[in-house]
There are 2 protein chains.
Amino acid sequence: MAATDRALTGLRQMIASGELGPGAKFPPEPELCDHLGVSRSSLREATRSLAALGVIESRHGSGTYVSALDPAEIISRFSLSVELIPLEGVLQLLEVRRILEAHATAAAAARQDPALAERLAGILDRLEATTDAGEIQALDAEFHGAICEAGGNPTVTALTGVIRGRGGHYRIFEPGADFDAIKRTSDLGHRAILAAISHRDPAAAATAASAHIAQTELWLRALRPEPQVELPAAD
Amino acid sequence: MAATDRALTGLRQMIASGELGPGAKFPPEPELCDHLGVSRSSLREATRSLAALGVIESRHGSGTYVSALDPAEIISRFSLSVELIPLEGVLQLLEVRRILEAHATAAAAARQDPALAERLAGILDRLEATTDAGEIQALDAEFHGAICEAGGNPTVTALTGVIRGRGGHYRIFEPGADFDAIKRTSDLGHRAILAAISHRDPAAAATAASAHIAQTELWLRALRPEPQVELPAAD
DNA sequence: GACCGTAAGTGGTCTGAGGACTTAACATCA
DNA sequence: TGATGTTAAGTCCTCAGACCACTTACGGTC
């Protein structure tokens, strides 16, 4: 087994075995090198790998620690890779978001929290009053994020957040030919979601959220058509 | 900005800008070091980070390449971190699996594919005939995996697969006090799912899948109770 | 008791060297 | 001509040593 893989396996094993729990501190690098039988370079490449995955954190001058191992935080790390996925993959991810967010929106509607409806109404008031692309994206994220949070599963909130962030890069809301129509449709979709939540109607909330995100998927397909399919290679 | 972060940002930028698409080859390390203004150590730590996230691949003796950037493959990389998440987080993830797999199972039921039902029946015949923990886990994964695949969204298949793999580590099916009762309930759940798919009843399929996974969540809670809550620290 | 400077501990970065693997060009032989 | 084995170039992998930057805690000073 290669040196870096040996180090990687060793570090993961230290966590998986329970030797080091969330927040625990690793021994200093020289000691770990000795223990794992690799050079400092290889050890550092292994720790970087785990840090990228959100499993450990290195703090300059302090030490290397096991992260909180919180699924929401780990999923957030995914944005580094999700942001590079091309359109075809983003559409697959948007279906995931649609399914999860429909569920979370229904759960939020079932919660009977007047404060939530009030907060959401305030966000929509601001959202409907602006035409700035960046502000639209931020308020949209705040709206959906608040709903997911009320849904009660932080993992779902993190996952939908990552996907929403990726979709936002396509900037559907740049002023252009169909800007007015798209913006109006989007605003209406948000109001439908809010109405369902205010009426404490989970089924309607799920339907409204699902329809709203499905609409986004259609816009993405229309605005950024897929590249030509490559000719099949003979092999 | 730190050296490794500079390299990381630079590498990601090369992909995000479209300069390098899926499968493209990066320049040799010395050239990249020059271009990014960092040493080879820092560059290599950056490439390791992106490799851990499934964004790039280094091939010994050949070169460094952009990965296929396929969301299913990228999600698979997640298993490295998900496998270390403690129970409380796993339960949050299992809810994600329940939601997604209910959806995928419904989609599979709507597909009207007799070959699928036949294949699933074969898997269940073998599953019901064994009491070996490892074999149960493998066949269970094959059953649910085949259904998700038929659902049509590879990203959903990958995500549910990663979560299922983590849950499997708890080995609910180790022979023990309640083994017979658990096994029988599980087998019945699988048959209910298959019946819904065979009858092309998406709603029933979603319900059956959801109930089956919810049952797994209950077993996990029961068999591996959460650790004691820590006393709140004064700060 | 509060503040500050110092020193030890620890991760971050750079340089240089040699090894291991892949790939393709080339020579050889049937 | 075609297949095969050899060679060399290209590239990533690993190691070692040195120095820098940051954090933390100790002890002194006011």
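Labels below follow one simple rule: chain letters A, B, ... track the order of the sequence lines, proteins then strands, and each chain is numbered from 1.
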| query | Given C:dG11, D:dC15, C:dT13, which nucleotide is nearest the side-chain atoms of A:Ala3? | reply | D:dC15
| said: Between A:Ser42 and D:dC15, is there a contact of a side-chain N or O with OP1 or OP2 at under 4.0 Å? | reply: yes
| query | Do any side-chain nitrogens or oxygens of B:Ser62 fall under 4.0 Å of OP1 or OP2 in D:dT11? | reply | no
Nearest-Å distance for atom pair [atom1]/[atom2], residues [X] and [N]:
X: A:Tyr65; N: C:dT10; atom1: OH; atom2: P; value: 9 Å
X: B:Leu43; N: D:dC13; atom1: CG; atom2: C1'; value: 13 Å
X: B:Glu29; N: C:dG16; atom1: CD; atom2: C1'; value: 15 Å
X: B:Glu45; N: C:dG11; atom1: CD; atom2: P; value: 12 Å
X: A:Asp5; N: C:dA20; atom1: CG; atom2: P; value: 17 Å
X: B:Met1; N: C:dT13; atom1: CE; atom2: P; value: 12 Å
X: A:Arg44; N: D:dC20; atom1: CZ; atom2: C1'; value: 13 Å
X: B:Ile56; N: D:dC13; atom1: CD1; atom2: P; value: 10 Å

| task | Give A:Thr47 one of three labels, base, sugar-phosphate or nothing, depending on what nucleic acid heavy atoms sit under 4.0 Å from its own. | result | nothing
| query | Is there a donor N/O on one and an acceptor N/O on the other, under 3.5 Å, for the side chain of A:Arg40 and the base of C:dG12? | reply | yes
| request: Look at the side chain of B:His60 and the base of C:dC21, then say whether one donor and one acceptor between them are separated by less than 3.5 Å. | output: no
Would you name the heavy atoms of [X] and [Y] that are closest together and state the gap between them?
X: B:Ser76; Y: B:Val162; value: CA-CG2, 4.0 Å
X: A:Ala7; Y: A:Val38; value: CB-CG2, 4.1 Å
X: B:Ser79; Y: A:Arg12; value: O-NH2, 4.2 Å
X: A:Ala158; Y: A:Ala72; value: CB-O, 3.5 Å

| field | 5'-most by nearest nucleotide on DNA chain D - B:Ser41 or B:Pro28 | value | B:Pro28
| query | Would you call the rings of A:His212 and A:His144 parallel, tilted or perpendicular if under 30° counts as parallel and over 60° as perpendicular? | reply | parallel
